[in-house]
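Structure record follows, encoded as structure tokens.
Fair warning: this is a prediction, and the values are worked out from it, not measured in the lab.
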Amino acid sequence: MSKPNDLPFQYMFAAGAIAGVSEILLMYPLDVVKTRVQLQTGKGVGADHYTGMLDCFKKIVRHEGFSRLYRGITAPILMEAPKRAVKFAANDKWGKFYRGVFGDPTGGNKAIPFLTGASAGATEAFVVVPFELVKIRLQDKASAGKYTGMLDVVAKTVKNEGILAMYNGLESTLWRHILWNSGYFGCISQVRSVMPKATTKKGQILNDVVAGSVGGTVGTILNTPMDVVKSRIQNSPKVPGQVPKYNWAWPAVATVAKEEGFAALYKGFVPKVLRLGPGGGVLLVVFTACTDFFRKMREGTIVA
């Protein structure tokens with residue numbers, strides 16, 4: 001993914017947007033389950049306590065209805081187009097920057113994909129924070145009765161906590177996206193370099209599925225602790241005169257590990273990796289298909 005690309009920015013942006021929306025439509029229920037498990041603290045029983053991914057799925061469907069698995073999807077759908085568009089477009093732009101810095105026009109330096117991914121992740125984080133906050137508060141069962149929808153979350157958050165509260169969790173989101181994108185784009189480059197070169201369209205799709213899935217899995221392993229504390233930070237309303245229990249990323253990691261054990265930093269890992277592993281493959285396949293289509297369109301080789 002660090003190799004030079006001949007498509008203008010707007011085409012990279014559009015391809016990333018299409019890939020992102022495709023992925024979220026397929027994988028969103030796993031994100032709801034992941035968030036519920038991550039927000040759970042302590043031990044409990046009943047419909048509000050989940051022993052794992054499958055238990056969470058069953059209890060949500062049984063007690064709240066299947067549609068609840070798609071609650072809060074408006075914010076991610078609105079976020080997904082700019083988020084993924086920025087991810088891939090920024091990765092392309094940062095790739096050009098780092099190839100210039102390293103004097104490596106072909107992108108052969110193995111450090112470049114990791115650096116471009118980390119920089120693209122930081123860029124992407126600034127776009128997604130308000131949408132993530134809305135999504136987290138809509139997905140949490142405890143706050144389900146507080147909000148009627150996405151706009152209501154925004155209105156009440158701004159009214160009760162101030163406009164800057166919409167960027168609550170920015171620091172932890174930066175870390176989350178830096179870690180995931182560096183693992184994702186870095187691994188895609190490494191996996192592609194060791195796989196047999198594809199000679200057919202099916203072979204190319206298979207290579208992209210494998211590379212994207214490996215990248216998504218490694219990125220998820222790296223960033224899950226930051227995702228756990230980000231969810232906690234964004235679901236903690238700001239109260240004047242009080243310092244939130246979960247406030248800054250690394251101290252929050254230490255708090256969770258101390259109070260709940262190191263394993264708690266990987267709460268929701270199974271649904272998260274099931275989403276972002278294969279989801280990373282979906283992203284790469286759709287993105288590659290779109291860029292190939294745009295390239296043929298610009299060359300005038302598409303037959304109606």
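- Evaluation of the ring-ring contact (aromatic ring centres under 6.0 Å, His included) rule for Phe57 yields no partner, not counting sequence neighbours.
- Inter-residue side-chain proximity for Thr217 and Leu276 is flagged as unmet; no heavy-atom pair is nearer than 4.5 Å.
- In terms of modelled atom types and a separation under 3.5 Å, the side chain of Glu124 and the main chain of His177 share no donor-acceptor contact.
- Annotation for Ile205: hydrophobic cluster partners, listed by chain and number, are Val209, Val285 (ILVMFWY side-chain heavy atoms under 4.5 Å, direct or chained).
- At a threshold of 4.5 Å between non-hydrogen side-chain atoms, the residues Lys83 and Phe131 do not count as touching.
- Trp180 meets the ring-ring contact (aromatic ring centres under 6.0 Å, His included) test with Tyr184; sequence neighbours excluded.
- With respect to Glu161 and Lys156, no salt bridge is recorded, no charged nitrogen being found less than 4.0 Å from a carboxylate O.
- In this structure, the salt bridge (Lys or Arg N to Asp or Glu O under 4.0 Å) partners of Lys135, at least two apart in sequence or on a different chain, are Asp31, Glu132.
- Judged by distance alone, with hydrogens and angles left aside, the side-chain atoms of Thr291 form a donor-acceptor pair with the main-chain N or O of Thr288 at under 3.5 Å.
- Cluster partners of Ile233, using a side-chain heavy-atom cutoff of under 4.5 Å among ILVMFWY residues and allowing indirect links, are Trp175, Leu179, Val191, Met195, Leu206, Val210, Val214, Val218, Ile221, Leu222, Met226, Val229, Tyr246, Trp250, Val253, Val256, Phe262, Leu265, Tyr266, Phe269, Val273.
- Summarising the geometry, atom CZ belonging to Arg68 is positioned 9.0 Å from atom CD1 belonging to Ile60; distances are rounded to the nearest 0.5 Å.
- With rounding to the nearest 0.5 angstrom, the CG atom of Asn109 is 5.5 Å from the CZ atom of Phe102.
- Asn235 places no side-chain N or O within donor-acceptor distance of the main-chain N or O of Ser231, the cut-off being under 3.5 Å.
- No donor-acceptor contact under 3.5 angstrom links the side chains of Ser172 and Trp248, judged on distance only.
- Residues Ile163 and Val128 fall within the same hydrophobic cluster, defined by Ile, Leu, Val, Met, Phe, Trp and Tyr side chains chained together at heavy-atom separations under 4.5 Å.
- In terms of hydrophobic clustering, with Ile, Leu, Val, Met, Phe, Trp and Tyr side chains grouped at heavy-atom distances under 4.5 Å, Phe97 and Phe114 are assigned to different clusters.
- Within the structure, no pair that satisfies the salt bridge (Lys or Arg N to Asp or Glu O under 4.0 Å) test touches residues 100-119, not counting sequence neighbours.
- Shown here are the salt bridge (Lys or Arg N to Asp or Glu O under 4.0 Å) partners of Asp227, two or more places apart in sequence or in another chain: Lys34, Arg176, Lys272.
- Taking the salt bridge (Lys or Arg N to Asp or Glu O under 4.0 Å) definition, one finds that Lys201 meets it with Asp292, sequence neighbours left out.
- Considering only heavy atoms from C-beta on, Trp94 comes within 4.5 Å of Thr123 through its side chain.
- Atoms CD1 and CE, from Ile73 and Met150 in turn, are 12.5 Å apart once rounded to the nearest 0.5 Å.
- One finds the CD1 atom of Ile188 at 12.0 Å from the CG atom of Asn207 (value rounded to the nearest 0.5 Å).
- The salt bridge (Lys or Arg N to Asp or Glu O under 4.0 Å) analysis of residues 21-30, with sequence neighbours excluded, yields the pairs Glu23-Arg84, Glu23-Arg275.
- With sequence neighbours left out, the ring-ring contact (aromatic ring centres under 6.0 Å, His included) criterion links Tyr11 to Phe294.
- Proximity of Met53 to Leu274: side-chain heavy atoms (C-beta onward) are separated by under 4.5 Å at one or more points.
- When side chains are defined from C-beta on, Lys146 does not count as touching Val153, because their heavy atoms never get closer than 4.5 Å.
- Between Glu259 and Arg232, no side-chain nitrogen of the basic residue sits less than 4.0 Å from a carboxylate oxygen of the acidic one, so the salt-bridge criterion is not met.
- Side-chain atoms of Gln190 and Val194, non-hydrogen and from C-beta on, never get closer than 4.5 Å to each other.
- A donor-acceptor pair under 3.5 Å is absent between the side-chain atoms of Arg295 and the main chain of Cys290, judged by distance alone.
- Using a 4.5 Å heavy-atom threshold, the side chains of Pro105 and Arg99 count as separate.
- Connectivity analysis of hydrophobic side chains (ILVMFWY, heavy atoms under 4.5 Å, direct or indirect) links Tyr167 to Phe126, Val129, Leu170, Leu174.
- The closest side-chain heavy-atom distance from Leu151 to Val134 is not below 4.5 Å.
- Ring geometry for Phe88 against Phe287 counts as parallel: the plane angle stays under 30°, on a 0 to 90° scale with 60° as the upper cut.
- Between the side chain of Ser189 and the main chain of Gly186, no donor-acceptor pair closer than 3.5 Å is present.
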Expected list for residues 12-22: side-chain donor-acceptor pairs under 3.5 angstrom, two or more places apart:
residue, atom, partner, partner atom, Å
Ser22, OG, Ile18, O, 2.9

